[in-house]
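Worth knowing before you read on, the calculation uses all heavy atoms, side chains too, and leaves out hydrogens, waters and symmetry mates. All residue numbers refer to positions in the sequence shown, counting from 1.
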Amino acid sequence: MSLVAVRPPEYLPRLEVAALLLAADRFVVADTFPFSRQSHHNRTRIRAVNGMQWLSVPRRHAGRPLPLAEVGVVDDGWRRRHLAAVRAAYGMAPFVDHVMPGLADLLAEPPASLGALTSATMAWVARWLDAPAEIVRASDLPGRPDRLGAVWETAGGNALVTLDESLAPDRRSLPDTPTHVLRFEESPRRQAFAGFEDGAGVLDLLMNYGPASAGVLRAGSRTEAVSGAPPA
């Protein structure tokens with residue numbers, strides 16, 4: 001059974017989203033979904049010398065919800081600041097010389113939109129992980145569908161694979177679709193500084209584990225079929 005994931009893109013995504021790239025056969029990057037302030041669409045966390053540090057991409061405020069593919073990015077020097085922060089945090093990490101050039105290329109030019117930026121970082125992470133998923137942007141699908149049901153119908157889904165956090169709403173949207181949930185548990189691992197702090201984005205993993213990052217994600221993941229009626 002082919003597993004399809006439909007997720008809005010995240011900036012240098014969380015580990016569970018990176019793990020979903022490895023679990024899916026097809027991954028629809030839902031850049032037509034609206035921006036949410038409570039999300040990781042425009043931010044990620046790195047492990048810095050003094051603990052966790054947020055890296056946030058400044059967006060243009062439109063006064064109304066916009067799809068990620070239409071959210072503008074303020075070019076106020078954030079790309080330079082992010083690269084400097086990453087170099088300071090991971091200058092001694094084992095794979096910094098391998099990861100940093102690609103990140104610098106991603107941030108070399110102002111992005112056309114937040115959706116373009118985050119979709120690019122998702123694709124870059126997928127390449128680093130050698131993820132098997134075919135990656136498709138919802139904005140490239142016919143009609144640019146902007147709801148899960150419409151994306152699913154247009155993308156020709158088979159079985160859905162999703163995360164715990166979105167399982168209930170996804171099942172309500174697709175009540176007759178076979179559904180699997182990916183559960184990810186983060187375990188202590190090597191980081192650039194002494195001790196371990198959880199909650200960093202995938203960049204922390206790539207800097208410290210390089211090509212072995214996919215194995216770390218798979219070791220912390222399990223995918224289960226979901227049975228029973230979806231929640232009302």
Side-chain angles (χ1 to χ4, degrees), residues 7-18 20-21 27-93 95-129 135 137-140 144 146 165 191-193 197-208 213:
R7 295 283 310 180
E10 296 182 356
Y11 178 56
L12 299 168
R14 292 172 293 156
L15 294 182
E16 53 265 49
V17 176
L20 196 62
L21 284 166
F27 196 108
V28 181
V29 178
D31 59 344
T32 54
F33 286 14
F35 173 83
S36 171
R37 292 176 60 187
Q38 287 74 42
S39 71
H40 287 72
H41 297 159
N42 68 325
R43 59 181 183 163
T44 191
R45 291 210 300 178
I46 61 174
R47 173 82 190 277
V49 63
N50 294 320
M52 288 297 176
Q53 177 181 346
W54 284 105
L55 300 181
S56 297
V57 178
R59 64 185 176 91
R60 297 192 183 279
H61 296 267
R64 58 187 175 86
L66 287 177
L68 289 162
E70 297 178 20
V71 174
V73 174
V74 178
D75 192 25
D76 66 351
W78 67 268
R79 293 177 291 125
R80 172 184 48 78
R81 293 194 301 271
H82 285 199
L83 289 173
V86 171
R87 288 190 185 100
Y90 296 106
M92 299 301 292
F95 292 94
V96 62
D97 291 338
H98 301 270
V99 177
M100 202 69 206
L103 181 63
D105 287 345
L106 278 175
L107 303 184
E109 300 292 337
S113 68
L114 183 60
L117 170 68
T118 51
S119 296
T121 68
M122 295 280 289
W124 178 69
V125 168
R127 291 193 295 272
W128 250 105
L129 298 176
I135 298 179
R137 288 177 63 176
S139 60
D140 290 333
R144 296 169 63 93
D146 59 2
E165 64 190 48
Q191 291 183 317
F193 302 102
E197 291 192 35
D198 62 5
V202 71
L203 186 60
D204 182 81
L205 182 64
L206 295 178
M207 288 290 190
N208 287 288
S213 296

(request) Kindly compute the distance separating CG (Leu103) from CG (Leu206), expressed to the nearest 0.5 Å. (result)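 Here the rounded value is 9.5 Å.
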Close side-chain approach of [X] and [Y], heavy atoms under 4.5 Å:
{"X": "Pro67", "Y": "Pro34", "answer": "no"}
{"X": "Trp128", "Y": "Leu203", "answer": "no"}
{"X": "Ile135", "Y": "Leu21", "answer": "yes"}
{"X": "Gln53", "Y": "Arg45", "answer": "no"}
{"X": "Trp124", "Y": "Asp105", "answer": "no"}
{"X": "Val73", "Y": "Pro111", "answer": "yes"}
{"X": "Val17", "Y": "Met122", "answer": "yes"}
{"X": "Leu55", "Y": "Val86", "answer": "yes"}

(request) Determine, for Arg14 against Glu165, whether the closest basic-nitrogen to carboxylate-oxygen distance falls under 4.0 angstrom. (result)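 Yes, Arg14 and Glu165 are salt-bridged.
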(message) Would you say Tyr90 and Asp204 are linked by a side-chain donor-acceptor pair, where the criterion is simply a distance under 3.5 Å?
(response)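 Indeed, the side chains of Asp204 and Tyr90 share at least one donor-acceptor pair under 3.5 Å.
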For the student: nearest non-hydrogen atoms of [X] and [Y], plus distance:
{"X": "His41", "Y": "Thr118", "result": "O-CG2, 2.9 Å"}
{"X": "Gln191", "Y": "Asn208", "result": "C-OD1, 3.4 Å"}
{"X": "Gly201", "Y": "Thr44", "result": "CA-OG1, 3.8 Å"}
{"X": "Asn42", "Y": "Arg59", "result": "ND2-CD, 4.5 Å"}
{"X": "Ser119", "Y": "Asp31", "result": "OG-CB, 4.0 Å"}
{"X": "Met207", "Y": "Ala93", "result": "O-CB, 3.5 Å"}

(request) Tell me whether the centres of the aromatic rings in Phe35 and His61 are closer together than 6.0 Å. (result) no
(request) Determine, using ring centers only, whether His40 and Trp54 are less than 6.0 Å apart. (result)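 Between His40 and Trp54, which both carry aromatic rings, the centre distance is below 6.0 Å.
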Do the side chain of [X] and the main chain of [Y] share a donor and acceptor less than 3.5 angstrom apart?
{"X": "Asp146", "Y": "Thr32", "value": "no"}
{"X": "His82", "Y": "Ser56", "value": "yes"}
{"X": "Arg7", "Y": "Val28", "value": "no"}
{"X": "Thr121", "Y": "Glu10", "value": "yes"}

(message) How about CG on Asp76, more than 12 heavy atoms from neighbouring residues, nucleotides or ligands closer than 6.0 Å, or not?
(response) yes
(message) Using 30° and 60° as the class boundaries, would you call the ring planes of Trp78 and Tyr11 parallel, tilted or perpendicular?
(response) perpendicular
(message) I'd like to know whether Arg144 forms a salt bridge (charged side-chain N to carboxylate O under 4.0 Å, His left out) with Asp140, so could you lay out the CA-CA distance, the side-chain angles of the two residues, the decisive distance to 0.1 Å, and finally the verdict.
(response) CA-CA 6 Å; Arg144 296 169 63 93; Asp140 290 333; over 6 Å; no
(request) Check each of Ser36, Ser113, Pro8 against Leu68 using the side-chain contact (heavy atoms from CB on, under 4.5 Å) test, and report the only one that passes. (result) Pro8
